[in-house]
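Just so it is clear: chains get the letters A, B, ... in the order the sequence lines come, proteins before strands, and each one is counted from 1.
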2 protein chains.
Amino acid sequence: MQALPKKAQNGTQEDHAALPRRATGRPQMSDVALLAGVSTSTVSRALRMPDAVSDLLRGRIDAAIDHLGYVPNIVAGGLAASRTRVIGVIVPSLNNSFFAATIEAMDAAFAPKGYQIMLGNSGYSLEREADLLDSFLSWSPSAIVLTGRNHLRRTLKRVVSCDVPVVEMWEIGDHTLDTAIGFSHRAVGEMAAKHLYARNKQRIAFIGAALTSDLRAKERGAGFFDAVRAAGRHDVLSHTIPERASVEVGGAALAALLEAHPSVDGVFFSNDALMLGALFECQRVGIKVPEQLALIGFGDMDFSAWSTPTLSTIRPPRSEIGLEVARHLLARFADPALGGTTIDLGCQLMQRQST
Amino acid sequence: MQALPKKAQNGTQEDHAALPRRATGRPQMSDVALLAGVSTSTVSRALRMPDAVSDLLRGRIDAAIDHLGYVPNIVAGGLAASRTRVIGVIVPSLNNSFFAATIEAMDAAFAPKGYQIMLGNSGYSLEREADLLDSFLSWSPSAIVLTGRNHLRRTLKRVVSCDVPVVEMWEIGDHTLDTAIGFSHRAVGEMAAKHLYARNKQRIAFIGAALTSDLRAKERGAGFFDAVRAAGRHDVLSHTIPERASVEVGGAALAALLEAHPSVDGVFFSNDALMLGALFECQRVGIKVPEQLALIGFGDMDFSAWSTPTLSTIRPPRSEIGLEVARHLLARFADPALGGTTIDLGCQLMQRQST
DNA sequence: TAGATTTATGCAATCGCTTGCAAGCGCTGT
DNA sequence: ACAGCGCTTGCAAGCGATTGCATAAATCTA
């Protein structure tokens, strides 16, 4: 395809000669080298490891680069180096502001170092996660970041056979695939239950959404029940729904819970959105919060601190996770010996008016 | 592949010879070719244009591919073809659920066709947008998707000089860089004002956040004022704040507006989050919604349909935009003659209890 | 049945950069 | 004066695919 679209005069000086088969039209490293009077290897080094090149040449090269407006071809570089500065990140959802904050923070830390996040959305499906992983690996990424500790066998297999740094985020536990950065969801559930008891609530319950796919939410529920049992109560009250957590389903879930167990006086929600829906339901039917019913959630979403009443919740280290993942990986690229660590960033109880 | 980490037997037959300098350890196209008894060009064609290859060979190739678990090296392919199946998408924010929904939809449409979205977060900065564009272009993407119609000169320059399909989303207008898919924010503002008047409100106002950077929100405000003036009112009431829209700032903004203009009886918010904050403020100080004060927002966020009272809002075609962008681009890859269109997806007034 | 087309393959030349290796250079110590 | 050392630099061989062109085989005229 020569004629119309592109032009491609990347030849040495005469552009009458046989045109190259393809061309990007942009200046390339050899142009920079020519202009600076050095070889391409030196240009490459000036870019990759600046202090391996003398000040004199580095100056000439830099000048040539911005004279030409040279932008390296990352794809060519990636092929030659057989790895790209891509970080494959797989999250279960984008709509969920938890992960959005984590990704923003991660990206903010990676971008200045020249690493590009490649985002994948598994939709809480482990199958899809495995597929995404495969397609990410074909980019020869510098690292892979997965959400949670639960993966398909083939995911694990691929990941170990590919010898690429992997970090699991947003959840920690005993075993570790490689590196885990997050917090214990079980501890979150326990914290919620203990807090409700501390606020003198007697019959406390758990409302969870989409627990079959959102295993971290399920863990929070399990931690909650552990604490209930540890307190000597044996009636484990809960209402769970198959739908994804949202304000919409929160109200109905609360209504259903109260219908089944009218004496409940405190509720822990697997997610703040559910709790907000429940708060609206309380306003609708005239339940006093927190006097009649105490509410505590998870996530510390935007609205929780500013609703009427304000909502108690447990705040996960959303951006901290992203930042820490980036930090860890960056350190590891510099020194591959690192890795295999588990970092617990903990969670914070935000006590507000609803409890 | 067998031997543990890397091994690299991509030689012709004897692997005792000097090992290659580097190797990925994964099987490559030549392995597939060898096993299927064809040349690599045939394998490549079987992958790229299946019906250019005979059924017999295609069968053998497919078998070889999944026998070896071959995954093509996208980077090598990208270099050879001088373009990758990457779509560079730049949005102003990820936390904002508007764009998250658009991206999810776009990704869902692109992924099955083998295109990978590369996401960039400009943080509402045009400078950063331009930088991101540069770094995306060095990936030789198949297309670039930008948010909005407002860009730096150098962004435009780069984009035209690179001869890559570009679509601007979430906003349309008269001029078009290449293709625009979205809706008119001015029309949204007008719709809001007209609706408030239709509900018999007399003194209506606009509350906007971060209008200097969020030019689409500003447009919505401008459309609102247009309609106010068209209705013969000349006191254009508004309160704007520099912070980004959030539930937090919505309450304070409403309080400030009412302090300055106590007679206001209807408010249009540049964003639903602001409106929710204002609703909480109303609950706090005992303002009756909609009797004393009507509220209408923009975005139709998760909570708007389920709050107490439910909130009127104007719903943008969030996922529709993503889907349409993907559709357009996919069609265009097949037939490069397309392009230069503007698609207005419109917005929908969701009338609820707050007006 | 020979000649003209139309497929279906393979050959080999790239795509634009990275990097192992070796050569060049200016010093130092003896 | 020269071997030895460290630091820069260039040479050239890849990295693993894609694809223009040529060729072989199959199909279609006349």
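Salt bridge absent: A:Glu320 and A:Arg327 never bring a charged side-chain N and a carboxylate O closer than 4.0 Å.
In this structure, the nucleotide among D:dT18, C:dT18, D:dG10 sitting nearest to the side chain of B:Ser44 is D:dT18. Picking from D:dC15, D:dT18, C:dC11 the nucleotide with the shortest atom distance to the side chain of B:Ser41 gives C:dC11. Proximity note for B:Ser39 (side chain, C-beta onward) versus C:dG10, D:dA17, D:dG14: the nearest is C:dG10.
The residue B:Arg48 sits close only to the backbone: its heavy atoms come under 4.0 Å of sugar-phosphate atoms, none of a base. A:Val38 comes within 4.0 angstrom of the backbone, heavy atoms only, and of no base. Within the nucleic acid shown, A:Val53 comes within 4.0 Å of sugar-phosphate atoms alone, with no base atom in reach, counting heavy atoms only. Within 4.0 Å of B:Ser54, counting heavy atoms only, lie sugar-phosphate atoms of the nucleic acid but no base atom. Here B:Leu57 lies in heavy-atom contact (under 4.0 Å) with sugar-phosphate atoms only.
For the pair B:Asp107/A:Leu94, no side-chain contact is recorded, criterion being any heavy-atom separation below 4.5 Å from C-beta on.
Dashed line: the shortest gap from a side-chain N or O of B:Tyr70 to OP1 or OP2 of D:dG16 is not under 4.0 Å.
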Run A:Phe110 and A:Leu330 through side chain to side chain contact (heavy atoms under 4.5 Å, CB included) and show every step you take. CA-CA 8 Å; A:Phe110 273 134; A:Leu330 255 11; 3.7 Å; yes
Apply side chain to side chain contact (heavy atoms under 4.5 Å, CB included) to the pair B:Leu329 and B:Val145, showing each step before the final yes or no. CA-CA 10 Å; B:Leu329 251 13; B:Val145 179; 3.9 Å; yes
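Straight-line distance from the CG atom of B:Asp31 to the C1' atom of D:dG16: 11 Å, rounded to whole Å. Rounding to whole angstrom units, CG of residue B:Leu56 and P of D:dA26 are separated by 12 Å. Rounded to a whole Å, the CZ atom of A:Arg45 is 7 Å from the C1' atom of C:dT19. A straight line from CD1 of B:Ile61 to C1' of D:dT18 spans 15 Å, rounded to a whole angstrom. Look at CD on B:Gln28: it is 12 Å from C1' on D:dG14, rounded to the nearest Å. If you take CG of A:Leu79 and C1' of C:dT18, they are 10 Å apart, rounded to a whole angstrom. Distance CG (A:Leu34) to P (C:dG16): 16 Å, rounded to an integer number of Å. Nucleotide C:dC17 holds its P atom 9 Å from the CG atom of A:Leu47, rounded to whole Å.
Under 3.5 Å, the side chains of B:Ser142 and B:Arg85 contain no donor-acceptor pair of N or O atoms.
Between B:Thr42 and A:Ala76, the residue whose closest nucleotide on DNA chain C is further toward the 5' end is B:Thr42.
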